[in-house]
Amino acid sequence: MNRERRYWLFKSEPSCFSFDDLGSRPNGTEHWDGVRNFQARNLLRDEIKPGDGVLFYHSNVPDPAVVGIARVVREGYPDWTALDPAGEHFDPRAGRNNPIWYMVDVRYVKPLARPVTLAELKMHPEVADMVLLQRSRLSVQPVTPAQWEFILRLGGIHEPFNL
DNA sequence: GCCAACGTTGGC
DNA sequence: GCCAACGTTGGC
C-alpha cells in the first residue's frame, strides 16, 4: 500500500553545501548528514521516505531562498559521521548500536526558474504558517502539498514534472 | 557582527 | 522536574 507523497524543506548554507553541489554529485545524489537536532532527526528517521519532494533552501546568505527541487531516494539510516572522531559532526554519545543521528539520501531534480526568497514568502498569506516562517531554525521541516505547489509556482515551475 | 529565538545541559 | 546558563542558528 502506497503512502501519499510528502514534502519537506531542507536548509543548507551554500558555502557548506549548495544546490549546485548536489547537482554535481554522482547521480546528483548525496546523503544528508550532520543534522543534530532531535526534531529534525525524528523526521529523517521516521517520516521522510523515498519519492518525497524536497525544497532545497539556502540559508545564511544575503538573500535566503528556496532555490531548487530534490527528491528523497533513500529512507533514514544511521548517520555515520557521528561516529568519526575526526569529523566535525562527531558525537561521542553515538555508537554502532546507538546511532542517535540519522540521514536520508536526496537526489537533484531541477532548480527553480527563479529563486523564491524568504522576503518574498513573507509577503504571501498562503504560506504564512509555513514552519520556515514560524520556527525558522528547524533545518529539516515539513511542507504541505499546498505550500509546495504555491512555492513551485512562485519559482516559475508551471509544467508538471516527475519527481 | 549583532541579537532574538530556541534547543540543550546540568545543578539543585 | 525545574530552570538558569549556555551554545547555536540564521536573519538582518
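In summary, the side chains of A:Asp20 and A:Ser18 do not present any donor paired with an acceptor at a separation below 3.5 Å, with no hydrogens or angles considered.
With DNA chain B read from its 5' end, the first of the two nearest nucleotides for A:Arg93 and A:Arg135 is the one closest to A:Arg135. Residue order along DNA chain B, read from the 5' end via each residue's closest nucleotide, puts A:Asn60 first among A:Gln134 and A:Asn60.
For the pair A:Arg36 CZ and C:dT8 P, the computed distance is 14 Å after rounding to whole Å. With rounding to whole Å, A:Gln39 atom CD is found 17 Å from B:dA5 atom P. Atom CD of A:Glu120 is separated from atom C1' of C:dG11 by 17 Å (rounded to the nearest Å). Separating the CD atom of A:Glu88 from the P atom of C:dT8 is a distance of 13 Å, rounded to the nearest angstrom. The distance from atom CD of A:Glu13 to atom P of C:dG11 is 9 Å, rounded to the nearest whole Å. Counting to the nearest Å, the C1' atom of C:dG10 and the CG atom of A:Asn37 are 14 Å from each other. Computed from coordinates, the A:Leu133 CG to B:dC6 P distance equals 13 Å when rounded to whole Å. Remark: P of C:dG11 and CG of A:Leu118 are 6 Å apart, rounded to the nearest angstrom.
In this structure, A:Tyr57 does not reach the C:dT9 phosphate: none of its side-chain N or O atoms is under 4.0 Å from OP1 or OP2. Put simply, A:Arg41 has no side-chain N or O that comes within less than 4.0 Å of OP1 or OP2 on B:dG7. Phosphate proximity of C:dT9 to A:Lys11: absent, as no side-chain N or O sits under 4.0 Å from OP1 or OP2.
Comparing B:dT8, B:dG7, C:dG11 against the side chain of A:Pro64 picks out C:dG11 as the nearest.
With A:Gln134 contributing its side chain and A:Ala128 its backbone, the two residues share a donor-acceptor pair below 3.5 Å.
Between A:Trp32 and A:Phe10, the ring planes are tilted. Angles from 30° to 60° get that label.
Taking the ring centroids of A:Trp8 and A:Phe56, they lie at or beyond the 6.0 Å cut-off.
A heavy-atom distance below 4.5 Å is not found between the side chains of A:Leu55 and A:Gln147.
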